[in-house]
Amino acid sequence: MMKKSEEDEYWNSSKFRAFTFDDEDDEFSRLKESRQAIRRLAEEDEDEDEVEKVSWSGEPIGSKDPGRAPEPGCDWSTRDTPGLCLQASPGCPGSASQAVSLEKFRSLQDKLLLLDSAVLGHHGNVITAVLIHLKRTLSKDVLFAELRSRQTALRHFVQYLTETRDQDLLLELLRSLNRTEDVALLQYREQLSLSDAPRRRDFLKTCLSLPFSADDLAHIQDQHDLLDRQILIEVWDREGKLDVFRKFPRKASILNMPVITTLYYCCLYHYSEQGTFSSPSSVRQTFKLSEKQYFVTALAARAKLKAWTDVDALFSSRNWLGFTRKRAPISFQRVVDILHRNSAPSQVLQDYIGLVDDPQQRVSLASRHRCHDVVINTYRDMKDRQLLLGYRAKVERGSAAERKIDELLSQPQIRWKN
């Protein structure tokens, strides 16, 4: 349970988020007078900056002067109190400011009527104020039982306990409602606050016994196994004994990183390994990564290290005639983008731009990256003399590209289409 000072801090520093209310049958139609009063008062609170925050000191609610009692003649009841909680200055004649105490509502019936009236008024601050009062004055069993049939108030109470981080009471509430998966999820979220990786790993192992669905349990198992692998890699790599660490020092720890980041790390520092917990192939197999996920990650990592032989090997495949050709699970246009982001030289870019199937895209990429040979060869294959002449005017005079164009234009065996 929260201490009184903690409730004061929460109540005075937070404006509660509004909830969405669905139209439902009004079983408290006899409170029509109270609802009209609440609506009238709410119309005065359109400017959020002008809305007075409801304070909670254990006695009055909704007053800048918590010590004052109601003026004589102002006999407020459950029908009026929710509206008064919204007012900066209650509408009792001759009164500048009044206290609205909830302590006089002592019977269970009055307290529940007060809560229902606040809910029917659709005012989140007032609902939460009443719920805080009920939390302080009712036993947990009674409060939970009554909230079971009041879903709007229940949502507000769950939100209040979540924002105030009263996890113990929230867990009790969820258990009383038989919301086992919510209880499990709340317990699982505790690992997010653990900064020590071994402790977090061990905690995740205990979460495998929680009542999650099969799919959720599989994800938690993967999270545990990934962190366990990261801990082993971190211990091994922390000393930085390999040459690659001296050439490309680590910028951050691998702990608690996503699986794709872990794969990228292993492709950077452990690419040639086989059968170890840090080998890229082991990471791919254990966590069932797709060919595309592995290809894109390995391509970016090896390009980062300028390991062009490794890059080239990612594409090589052999067809049924025994000839070697390049293939990729992504478009070659995206391949060129990845290589360019990793500062690949023009010759490397040219090789892969030439593999783009669409001639227009190929010319566009080649022009952007100044790969003249690709543009010239494409126009030659298209037998478009006019395009070739137009491109000749764009290249540097006396350059190798200009000489190549002139040579092609002078060949009589090429049957130009224009």
Side-chain angles (χ1 to χ4, degrees), residues 1-19 21 28 31 34-35 37-45 48 50-70 74 76-91 97-138 140 142-144 146-147 150-166 169-170 173:
M1 300 294 285
M2 290 176 51
K3 296 181 180 178
K4 179 175 174 297
S5 60
E6 293 174 339
E7 290 184 343
D8 289 342
E9 180 181 359
Y10 169 80
W11 189 247
N12 289 308
S13 64
S14 173
K15 285 191 174 182
F16 302 103
R17 286 179 282 178
F19 283 77
F21 295 84
F28 295 100
L31 298 179
S34 174
R35 295 198 302 275
I38 294 174
R39 282 197 290 270
R40 287 198 303 270
L41 295 167
E43 290 174 358
E44 302 174 2
D45 296 333
E48 185 178 355
E50 296 297 323
V51 177
E52 180 176 359
K53 298 179 183 179
V54 184
S55 63
W56 177 256
S57 63
E59 287 292 335
I61 294 181
S63 173
K64 293 181 179 178
D65 185 7
R68 288 190 66 172
C74 292
W76 306 121
S77 68
T78 56
R79 298 186 179 190
D80 305 295
T81 303
L84 294 178
C85 290
L86 290 173
Q87 295 189 74
S89 53
S97 177
Q98 288 184 330
V100 182
S101 174
L102 302 184
E103 297 299 325
K104 67 177 182 177
F105 301 106
R106 297 176 181 174
S107 71
L108 177 60
Q109 180 181 3
D110 282 348
K111 292 174 182 178
L112 296 178
L113 193 60
L114 185 66
L115 176 61
D116 294 332
S117 181
V119 169
L120 289 172
H122 295 186
H123 298 299
N125 281 18
V126 179
I127 296 171
T128 308
V130 175
L131 285 169
I132 292 175
H133 174 63
L134 267 58
K135 171 176 171 284
R136 293 168 59 89
T137 58
L138 295 179
K140 288 182 289 188
V142 172
L143 177 59
F144 294 170
E146 296 298 339
L147 289 178
R150 294 170 170 83
Q151 291 300 307
T152 297
L154 176 62
R155 291 197 301 271
H156 276 269
F157 195 53
V158 169
Q159 182 67 26
Y160 166 73
L161 295 178
T162 301
E163 291 188 2
T164 56
R165 299 181 181 179
D166 193 345
L169 187 58
L170 181 55
L173 173 61

Query raised in the report: Does the side chain to side chain contact (heavy atoms under 4.5 Å, CB included) test come out yes or no for Leu173 and Leu154, once each step is laid out?
Result: CA-CA 10 Å; Leu173 173 61; Leu154 176 62; 4.0 Å; yes

Query - Nearest heavy-atom neighbours spanning Leu115 and Leu134 - result: CD2-CD2, 4.0 Å

Query raised in the report: Quick one: CG on Leu112 to CG on Leu138, what's the gap to the nearest 0.5 Å?
Result: 7.0 Å

Query raised in the report: From Tyr160 OH over to Leu131 CG, what is the distance, rounded to the nearest 0.5 angstrom?
Result: 9.5 Å

Report summary line: Rounding to 0.5 Å, atoms NZ (Lys111) and CG (Leu114) come to a distance of 10.5 Å

Report task. Would you mind reporting whether Leu169 and Lys135 have side-chain heavy atoms less than 4.5 Å apart? Result -> yes

Query - CD1 on Ile132 to OG1 on Thr137, rounded to 0.5 Å - result: 11.5 Å

Report task. Give, for atom NE2 of His156 and atom CG of Asn125, the distance between the pair rounded to the nearest 0.5 Å. Result -> 9.0 Å

Query raised in the report: What are the two closest non-hydrogen atoms of Ile127 and Ala153, and how far apart are they?
Result: CG2-CA, 4.5 Å

Query - Note, Val130 side chain near Val119 side chain (heavy atom, < 4.5 Å) - result: no

Query raised in the report: Roughly how far apart are Leu113 CG and Leu108 CG, rounded to 0.5 Å?
Result: 11.0 Å

